[in-house]
Amino acid sequence: MEDFNQIAGGIAQDAVEYAMQREITLDYTKESAKSIDAILEAFHNNLDQYEGDTGAKILWNAAVLFGTYIGETLLRSGLSEKGFIWVEDDGLPVLGIPGKQTAVSPISKAHKRIFNGPEDSIKSFVDVAFAIVNDEWPKTGILRVPDVETASGKKMEKVIFKEADYYISLVAEGKEDFVIFQSHDGFFQFYGVDNQFICEAWFNLGGRRAYGLINPHCTNTNRVNLVTPFGQYTPRERDIISLEQLKAAVEAYFSNLEEADFLAKVPHEELEM
């Protein structure tokens with residue numbers, strides 16, 4: 001998307017001038033992401049004022065304005081030296097390296113920040129982008145930054161661990177049938193309700209390795225009824241894990257990039273294919 005590379009700087013400068021009129025300084029530093037969060041929070045707090053097609057267009061234009069500023073900040077702070085430029089992804093300008101799959105989408109992130117509020121923090125997005133690109137992830141701690149998809153079709157890119165509880169709660173409270181965390185090497189999925197969940201982890205999809213999480217305190221392999229707001233299932237009793245065990249498994253998935261390391265942290269059985 002050569003044209004957007006030519007105009008992105010001007011769009012970002014428009015964001016700087018918008019902020020200046022509100023006595024907010026945007027100086028193309030990583031720290032200025034906090035100021036973008038504050039600006040977009042004002043839109044979020046007044047969503048009811050943006051109705052219909054006209055309101056939707058205003059909010060999208062705001063996302064383009066401030067998302068482009070964030071993108072230009074990332075480029076000026078080191079991503080351009082890594083080979084990143086503005087490229088096209090299904091018609092949307094994103095930051096990527098031509099010929100490679102690595103990409104970040106500051107415009108769509110800004111749009112989500114407007115609608116979802118602080119849970120879609122721009123500061124966290126910027127921190128994650130730099131950590132991934134600069135290979136600065138710590139050797140221990142939260143490492144995965146998967147995409148997420150819910151049964152109702154909601155999708156979110158680059159979810160960090162502190163956001164995982166929100167998606168767990170959607171299933172636990174019966175608002176979603178299931179949630180899938182999708183990473184480069186496979187996915188982690190679960191369904192259930194209240195304090196009973198079924199959970200699977202799939203790795204290396206070409207090789208089709210799959211594991212069902214189990215309750216290590218239960219030895220009963222007989223089928224039992226598991227009733228959720230979305231239907232009735234008959235898993236083995238041993239396959240039903242608690243909310244506490246699910247949260248521990250999710251943390252293990254986020255904090256271990258290697259399949260073997262993850263499996264060492266969670267009780268499991270290999271699934272027959």
Side-chain angles (χ1 to χ4, degrees), residues 101-102 128 132 137 139-273:
Q101 293 184 343
T102 302
V128 167
I132 293 174
W137 288 106
K139 298 305 179 183
T140 59
I142 307 306
L143 301 174
R144 287 184 188 273
V145 189
D147 298 338
V148 66
E149 182 175 354
T150 68
S152 63
K154 297 177 183 177
K155 296 182 179 181
M156 183 82 66
E157 297 178 347
K158 307 302 181 188
V159 174
I160 59 178
F161 174 65
K162 70 179 183 180
E163 300 170 326
D165 261 354
Y166 168 72
Y167 295 101
I168 292 174
S169 71
L170 291 180
V171 176
E173 296 171 8
K175 297 176 181 178
E176 290 283 358
D177 189 3
F178 63 80
V179 162
I180 300 174
F181 293 112
Q182 180 95 37
S183 296
H184 68 286
D185 59 342
F187 61 88
F188 179 102
Q189 65 182 6
F190 60 93
Y191 66 88
V193 70
D194 295 331
N195 197 40
Q196 293 184 306
F197 301 92
I198 304 297
C199 181
E200 296 178 356
W202 292 60
F203 293 94
N204 188 18
L205 296 183
R208 297 176 64 84
R209 296 193 299 273
Y211 307 91
L213 273 62
I214 60 173
N215 181 350
H217 309 298
C218 178
T219 58
N220 186 5
T221 58
N222 292 327
R223 298 286 174 177
V224 297
N225 288 328
L226 174 62
V227 180
T228 79
F230 302 93
Q232 184 168 299
Y233 305 89
T234 56
R236 302 182 312 169
E237 184 175 355
R238 183 173 173 79
D239 296 329
I240 300 176
I241 63 175
S242 68
L243 178 59
E244 180 181 2
Q245 290 168 327
L246 173 62
K247 288 185 175 181
V250 169
E251 181 173 2
Y253 185 74
F254 273 76
S255 60
N256 291 275
L257 282 174
E258 298 297 329
E259 174 183 345
D261 294 336
F262 166 75
L263 294 175
K265 300 286 182 62
V266 297
H268 66 277
E269 289 182 354
E270 188 165 359
L271 298 177
E272 294 185 3
M273 306 304 296

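Counting begins at 1 with the first residue of the sequence. Keep in mind that this is a model prediction, so the values were computed, not measured.
Qualifying side chain to side chain contact (heavy atoms under 4.5 Å, CB included) partners for P216, counting only residues two or more places apart in sequence or in other chains: Q245, P267. Checked against side chain to side chain donor-acceptor pair (under 3.5 Å), K154 has no partners two or more places apart in sequence or in another chain. Every residue meeting the side chain to side chain contact (heavy atoms under 4.5 Å, CB included) condition with D261, not counting sequence neighbours, appears here in chain and number order: N256, E258.
Among all heavy-atom pairs drawn from L226 and P235, the shortest one is CB-CD, 3.9 Å. Taking each heavy atom of E259 and Y211 in turn, the nearest pair found is OE2-OH, 2.7 Å. Between G212 and L271, the closest heavy-atom pair is N-CG, 3.5 Å.
Taking the six-membered ring where tryptophan is involved, the planes of F190 and F181 are tilted, since the angle between them lies from 30° to 60°.
Remark: the backbone N or O of S152 is paired with a side-chain donor or acceptor of E176 at under 3.5 angstrom. Looking only at distances, a side-chain donor or acceptor of H268 sits under 3.5 Å from a matching main-chain atom of V266.
Checking D194, T150, V179 one by one against V171, the side-chain contact (heavy atoms from CB on, under 4.5 Å) holds for a single residue, V179.
The salt bridge (Lys or Arg N to Asp or Glu O under 4.0 Å) contacts involving residues 234-255 comprise R236-D239, R236-E269, R238-E269, where partners must be two or more places apart or lie in separate chains. Sequence neighbours left out, the pairs with a member in residues 219-253 that pass ring-ring contact (aromatic ring centres under 6.0 Å, His included) are F188-Y253, Y191-Y233, Y253-F262. Evaluation of the side chain to side chain donor-acceptor pair (under 3.5 Å) test over residues 221-232, restricted to residues two or more places apart or in two chains, returns N220-N222.
Separation of atoms CD1 (I180) and CD (Q182) is listed at 7.0 Å; rounding is to 0.5 Å. In this structure, OG on S169 lies 9.5 Å from CG on L243, to the nearest 0.5 angstrom. Separating the CG atom in D165 from the CG atom in L170 is a distance of 11.0 Å, to the nearest 0.5 Å. Atom CD1 of I240 is separated from atom CG of N195 by 10.5 Å, given to the nearest 0.5 angstrom. Atoms CD and CG, from E200 and L213 in turn, are 9.0 Å apart once rounded to the nearest 0.5 Å. Of the inter-residue distances, the one linking F161 atom CZ with R144 atom CZ reads 13.5 Å to the nearest 0.5 angstrom.
Between D185 and R209, no side-chain nitrogen of the basic residue sits less than 4.0 Å from a carboxylate oxygen of the acidic one, so the salt-bridge criterion is not met.
Put simply, the side chain of I168 reaches to within 4.5 Å of the side chain of L246, judged on heavy atoms. The side-chain heavy atoms of S183 and F203, taken from C-beta on, include no pair separated by under 4.5 Å.
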For this session: Could you give me the CA-CA distance, side-chain angles and deciding distance for Q189 and F178, then say whether side-chain contact (heavy atoms from CB on, under 4.5 Å) is met?
Result: CA-CA 7 Å; Q189 65 182 6; F178 63 80; 5.7 Å; no

Problem set entry | Derivation of the side-chain hydrogen bond (donor to acceptor under 3.5 Å, both in side chains) call for Q196 and S242 | CA-CA 5 Å; Q196 293 184 306; S242 68; over 6 Å; no

